[in-house]
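Here is how names work: the chains are called A, B, and so on, in the same order as the sequence lines, proteins then strands, and each is numbered from 1.
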Protein chains: 2
Amino acid sequence: MFKYKFPRPAVTADVVMFTMRADDLAVLLIRRGADPFEGSWALPGGFVDENEPLERAAARELEEETGVSGVPMEQLGAFGNPGRDPRGHTVTVAYFTFVLAESVRARAGDDAADVAWHPLRSLPLRSSFSPRAKPRTRSKPPPITLAFDHDVIIDAALGRLRERLDDPLRPSRFQLVPPRFTLAELQRVYEVILGRTLDKRNFRARLLARGLVEPAGATARKTGRHRPAQLYRWNR
Amino acid sequence: MFKYKFPRPAVTADVVMFTMRADDLAVLLIRRGADPFEGSWALPGGFVDENEPLERAAARELEEETGVSGVPMEQLGAFGNPGRDPRGHTVTVAYFTFVLAESVRARAGDDAADVAWHPLRSLPLRSSFSPRAKPRTRSKPPPITLAFDHDVIIDAALGRLRERLDDPLRPSRFQLVPPRFTLAELQRVYEVILGRTLDKRNFRARLLARGLVEPAGATARKTGRHRPAQLYRWNR
DNA sequence: TCAAAAGTGTTTGCTATACACCCATGA
DNA sequence: TCATGGGTGTATAGCAAACACTTTTGA
C-alpha cells in the first residue's frame, strides 16, 4: 500500500504503433483480457512505474506486449479527462510511432488476450479516414469496439503522423520503408498515410532533386511480369 | 490519506504564459515561497485535483496565481523525468499561451511569494534566444535560477509558439495584439517571437492579400511626431 | 525644416502542380 | 504480343523574398 496526503490520478503510457499492411494503414491493438473493457481492443500500454521516465514506460509496455523495441517514438500528448477510465482518474501519456510490420513479433501476454493489426478503416474513428482515392474493393471487417478513449488518441496520432509527412522535405524519423526500397513503395506509404494520391513524377523529382535518396547500386528486384524497379536508399 | 496498491507519480499542470513586454518576449514566473526550490522562479502551476481535466487544472492554477482566465491554451506535452522534482516522481502536463500583458493582474498568493514577467533573454535557456537583429542596448538583468526542469519546458514552449506563427497563413489562436492594432505592432510581435526581422512590405501584402486583416474604419492613432498609423482588425 | 515612423510596387526565382507517353519484363 | 508496373520532362501559376523612396505628422 502506498499512501499520499492528496489523491493522485494514476499515470499510464500508451503507444499508437502504425504500420503499412496490405496497402492499408493499420494500428496494433491488443484485446483486453482483464476487467475494464474486457474483450475490447486497446492500445498497448500500462502503468508508469515509480521513477520511470515516460518514454521508457511506453517503450517497456510496447516491448512487453508486442516484442517491438528500439523504435523511435514521438510524444503525442497527455489525455486526462475524468471518466476515460472507469476505475478512476487516470492520466495517460500517449506516444506514437510507425514501424515495418515485419519487425513486429506480436505475442499475447500479461493483460493481453490477443494482439493484432487493425486497418484504420475498420476502426470507429471520427476522422474520415479514406486511405486511397481508389479503395480496393474488399470485404469490410465487422466494426470493433475500442477501450477507454483510445479512438480519440488514435485520431490524434493519425493527425500528427500526417503532419510529419506533410512536407516530404526531410526523411521521417520513423522507418517508413526497409533500408532499400523502390520509389513506388515509398510513394505508396505516403499516399496511404496522407489519404490522397501523389503525382509519380513530382514525387520522384522532389526526392532526387533534394538528394534525399540515392540509387542503391545497380541492384534491382524482380517481382512480376513487368520491368523491375530500381532500389534506393536514404542519403545519409 | 489516500492509499493505492501501486505507487503513483504525482501529476501537476504548468502554464507557460508568454507576452510582449517592452519590445521583448517575456514569460510570467512566480517566485517560490515554499520548500523545493524556495526563492527560485517557476512556472505557475500545481497539482491536478482528482477528476479534474488537465486543461482545467492548468487554467485554475493560472487563474489562482495570476488572475488570468479565459485565454486559449495549447497543450505542450508531458514531462516526467525522474528527478525533475526532488519531492518524488512527478509528471507535469505543460500548457502554453500568449496574452496581452495588460490583461494580466498578477498577484502573489498561495505558494507564490512574488509574480513577475521575465524577458526570455534574461533566463538561462538552452535556445539561443536573440529577439531582435538590432537588440536595443539595455542593462542586462542578473541571471536567475529556474525551479524544476522549467527551463526545458520554456524552451519547448518557445519552439512550439514559433511553429504556430511560422506561417502567417492564418491568425493565431492566441491574442497577439489588441482588437484594433497597427500593422507595425503586429509585425513587431511576429519579429520578437520568431527572432528575426521581417520585410514590412511583404508582411503587409500577405496579410491584406489573404484578407486576414481589414482596416478598422478611418480611425487612426496619434502617438508621436510622425504620421499616425492606420488601425486594423482581424477579419472574422 | 527636420526627425520619425507610415505607407507603397515590382522583379525575380523557386516550388508546387498538372499532365502523357515509352520502356522493360515475364507470362 | 500483351499486360503490368517502371520510368521520364516540360509548362504554368502562385508564393516568397529582395529591394528604396515618398508621405505625413509634430516638434
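Rounded to whole angstrom, the span from the CG atom of Leu183(B) across to the C1' atom of dA5(C) amounts to 13 Å. Atoms CG (Leu208(A)) and P (dT15(C)) sit 15 Å apart, rounded to a whole Å. The distance between atom CZ of Arg204(A) and atom C1' of dT17(C), rounded to the nearest whole Å, is 17 Å. Rounded to an integer number of Å, the gap from Asp23(B) CG to dA5(C) P is 11 Å. To the nearest angstrom, P of dT15(C) lies 14 Å from CG of Leu207(A). Rounded to whole Å, atom P of dA17(D) lies 10 Å from atom CG of Asp166(B). Nucleotide dT25(D) holds its P atom 12 Å from the CD atom of Gln230(B), rounded to whole Å. Straight-line distance from the CD atom of Glu185(B) to the C1' atom of dG7(C): 16 Å, rounded to whole Å.
Screening Tyr95(A), Phe96(A), Phe98(A) against Phe174(A) for a ring-ring contact (aromatic ring centres under 6.0 Å, His included) leaves a single residue, Phe96(A).
Side-chain N/O atoms of Arg210(B) include one lying less than 4.0 angstrom from OP1 or OP2 on dA16(D). Of the side-chain N and O atoms in Arg206(B), none sit less than 4.0 angstrom from OP1 or OP2 of dC15(D).
Distance OG1/Thr197(A) to CD/Gln187(A): 8.5 Å, rounded to 0.5 Å. For the atom pair CZ (Arg173(B)) and CD (Glu74(B)), the distance works out to 5.5 Å, reported to the nearest 0.5 Å.
Mapped onto DNA chain C by nearest heavy atom, Asn202(A) and Ala184(B) fall at different nucleotides, with Ala184(B) at the one closer to the 5' end. Where Lys200(A) and Asp199(B) meet DNA chain D, the nucleotide closest to each residue was compared, and Lys200(A) sits on the side nearer the 5' end.
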Base versus backbone protein contacts along nucleotides 22-27 of chain C [heavy-atom cut-off under 4.0 Å; B, S, -]: -BBBBS
Evaluation steps, side-chain contact (heavy atoms from CB on, under 4.5 Å), between Val91(A) and Phe79(A): CA-CA 6 Å; Val91(A) 172; Phe79(A) 297 78; over 6 Å; no
Audit row: Leu186(A), Leu207(A), side-chain contact (heavy atoms from CB on, under 4.5 Å) steps and yes/no: CA-CA 11 Å; Leu186(A) 184 61; Leu207(A) 289 172; 3.7 Å; yes
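With dG6(D), dG9(D), dG7(C) as the candidates, the nucleotide lying closest to the side chain of Arg201(A) is dG9(D).
Atom CZ of Arg56(B) sits in a sparse spot, with 12 or fewer heavy atoms from other residues, nucleotides or ligands closer than 6.0 Å.
Counting only heavy atoms from C-beta outward, the side chains of Val16(B) and Val27(B) approach each other to under 4.5 Å.
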